[in-house]
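Have a look at the structure below, then the notes.
Just so it is clear: chains get the letters A, B, ... in the order the sequence lines come, proteins before strands, and each one is counted from 1. Just so it is clear, the values below take in all heavy atoms, side chains as well, and ignore hydrogens, waters and symmetry mates.
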Amino acid sequence: MKIAVCVKQVPGAGAPRRIDPATRRLDRSVEAELNPFDLNAIEEALRIVERRGEGEIVLVSVGPERAVEALRRGLAMGADRALLLSDPAIAGSDLVATSLVLAKALARESPDLVLFGQQASDSDGAVLWAAVAERLRLPVISQVSELALTDAKVVAKRQTEFGYDRIEAPLPAVVGVSDAINEPRYPSLKGIMGAKKKPQETLSLGDLGIDPALVGEAGSKTEVYLLKPPPPRGQGVRIEDDGTAAERIVAFLAERKLL
Amino acid sequence: MKLLAFLEHHDGEPAKGALGAVSKAASLGEAAAVAVGAGARHAAAKAGAYGASAVYVAEGPDLDPPLPQPRVDVLASLVDQEGFDAVLFAQSVLAADVAAGLAARLEAGLNWDLVDLRLEDGRLVGTRPALGDSVYVEVGWRARPALALFRSGALEPVQSAGEARVVDASAALEGFSTASVMVERAHAEEAGPSIEDADVIVAGGRGLGGPEGFAQLEELARALGGAVAATRAVVDAGWYPYSAQVGQTGKTVAPRLYIACGISGAIQHKVGMQGSGTIVAINKDPNAPIFEFCDLGVVGDLNQIVPKLTELVRARKGG
Ligand SMILES: Cc1cc2nc3c(=O)[nH]c(=O)nc-3n(C[C@H](O)[C@H](O)[C@H](O)COP(=O)(O)OP(=O)(O)OC[C@H]3O[C@@H](n4cnc5c(N)ncnc54)[C@H](O)[C@@H]3O)c2cc1C
Ligand SMILES: Nc1ncnc2c1ncn2[C@@H]1O[C@H](COP(=O)(O)O)[C@@H](O)[C@H]1O
């Protein structure tokens, strides 16, 4: 069984997040990390392989060259190899363009299962899997909180606005997992040491046979006109617990006549 | 401008946001809607009153379960035949997957999480809060059709006097579109606490550490005369019932007081509780997004704070 896990490098949780007013793109020069929501997808792949006693896990990412750092974290968790799809012309790609690059690489790999995380923490889109599945002409199931797998099919539980559905799809299939599907493991020291030696390949648009006019800003069908500050909101009060937080909450609520 | 709204419905009952999408479309030009699956005709009959001049209806066994891919087939062929300039979707798990699939099928642009859409000099401009709502981005489309996915709660249905023409739509379904099978369909679980009418809500997230963590929230809620709610993360993990979930795929609540304990404050949670009168957040991570939209933010360990708070509230109410 071959499992591809799509992962993204995003600005770190503590790093300043801002859109560069000049390029109108996210500033990606800050400290970065592997999208935390993708850890659940990697973990799920590892558990499937462990349960089956066989299988290969390949990480696939579209991003700048420095995204190899994020991929290395996934390799340290236990993935077998990594594929970075990187080319200066890809920068600024929107959904149609990113899904095109990802689908091209996935088609070459032809995995039995393609896993996605719940959302990218920098885009909050939660949409990419459906576009990729469409390009690969494969069934897709999203928001999956439980996944069972046989040689031939997946059975998934997902939450919608109406409660929980159970959906079955034949393999190969595309699945987006929820951040509650599992508790991702921490890489072991051995895993971290071994990650550098695992196969890591970087592919350009030329390698993938993609016309640069179809990606990046040239190939994108959406655009950003302008950035605005958010509407003003009353400043909240912030306190650090020094052992008196409970008292201070009570005083705050009493002042607002909420007790 | 010709616009199409995705009229999502549950057994013929249109989703509120979907009717809002119809109204939004009608405010921008000539609006049509499309309803797919069992009950579509029933849903279609209701859409005229919200501004649609035509509702396309597609039914059939492959279209009945609320799965996205056959809906992509239906919408793609409608856009091809009728030449819509824009397709509007109100956020839902189903609508997001249909919108993104359609974007890839038509090589069309999709902007998501929109809170507004308007015409400026003949071009569509959307407003999208980004990066935890810290910046508002004005977005557009370089090609037609423009696909717009609105944030939960961003669209209000507006009644109008019209009546819609109901038109049968048919589409050839792709093999891969019908490969997924719904084995068990969601039924609204009625059992469990009702949180929508509560005056005070004490809500818990993954920071509670496990299902047993909810006991202390129940104590606090009892002391305050309120109800307990939860995030999707803990509902998905089986710590608390779905009926108590707040957010995009759960309930929308607006109590006088909302106390969030061990909740990071994801957008999908925020959309379900931002209308609360006063929001208090207890979180040990000073960078948690919830601190950006609460009235009182307490950086600390909920296990230290919540039991003490319960004691103090009890003492005050008792005395
Ligand atoms: C389509 C879609 C729909 C969704 N619908 C919903 C929805 O309806 N409702 C919803 O809630 N989410 C929804 N989500 C999920 C949402 O994106 C988040 O993943 C989820 O809200 C996170 O839940 P959480 O805050 O409990 O967990 P986390 O994000 O893991 O946050 C836990 C928090 O607890 C804090 N913490 C840990 N220990 C302690 C302690 N001892 N004391 C104090 N604080 C502590 C941590 O600092 C952290 O901030 C949806 C997502 C998608 C993609
Ligand atoms: N640039 C990327 N390369 C590979 N996978 C990605 C990329 N961006 C997003 N993903 C995957 O798609 C999921 C959803 O992302 P999004 O739709 O952008 O919120 C993420 O959790 C990842 O699994």
Name the region of [X], side chain, backbone, both or neither, that has any atom closer than 4.5 Å to a heavy atom of chain A.
X: B:E174; value: side chain
X: B:V72; value: side chain
X: B:P307; value: neither
X: B:L224; value: side chain
X: B:R123; value: side chain
X: B:I305; value: both
X: B:R144; value: neither
X: B:I282; value: side chain

(message) With no hydrogens and no angle check, just 3.5 Å: does a side-chain donor-acceptor pair link B:D97 and A:W129?
(response) yes
(request) Report yes or no: does A:D165 contribute a side-chain atom to a donor-acceptor pair with the main-chain N or O of A:I167 at less than 3.5 Å? (result)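 Checking the backbone N and O of A:I167 against the side chain of A:D165, no donor-acceptor pair under 3.5 Å is found.
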(request) Classify the ring geometry between B:Y242 and A:Y164 as parallel (under 30°), tilted (30 to 60°) or perpendicular (over 60°). (result) perpendicular
(request) Check whether A:L253 gets within reach of chain B through its side chain, its backbone, both or neither, counting any heavy atom under 4.5 Å. (result) side chain
(request) Measure A:Y225 against the heavy atoms of chain B and call it side chain, backbone, both or neither at under 4.5 Å. (result)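 Both parts, backbone and side chain.
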(request) Heavy atoms only, distances under 4.5 angstrom: which of A:D179, A:L26, A:V132, A:I19 has the most pairs with chain B? Name it, please. (result) A:D179
(request) May I ask you to name which of A:A245, A:P229, A:A169, A:G125 has the most heavy-atom pairs under 4.5 Å with chain B? (result) A:G125
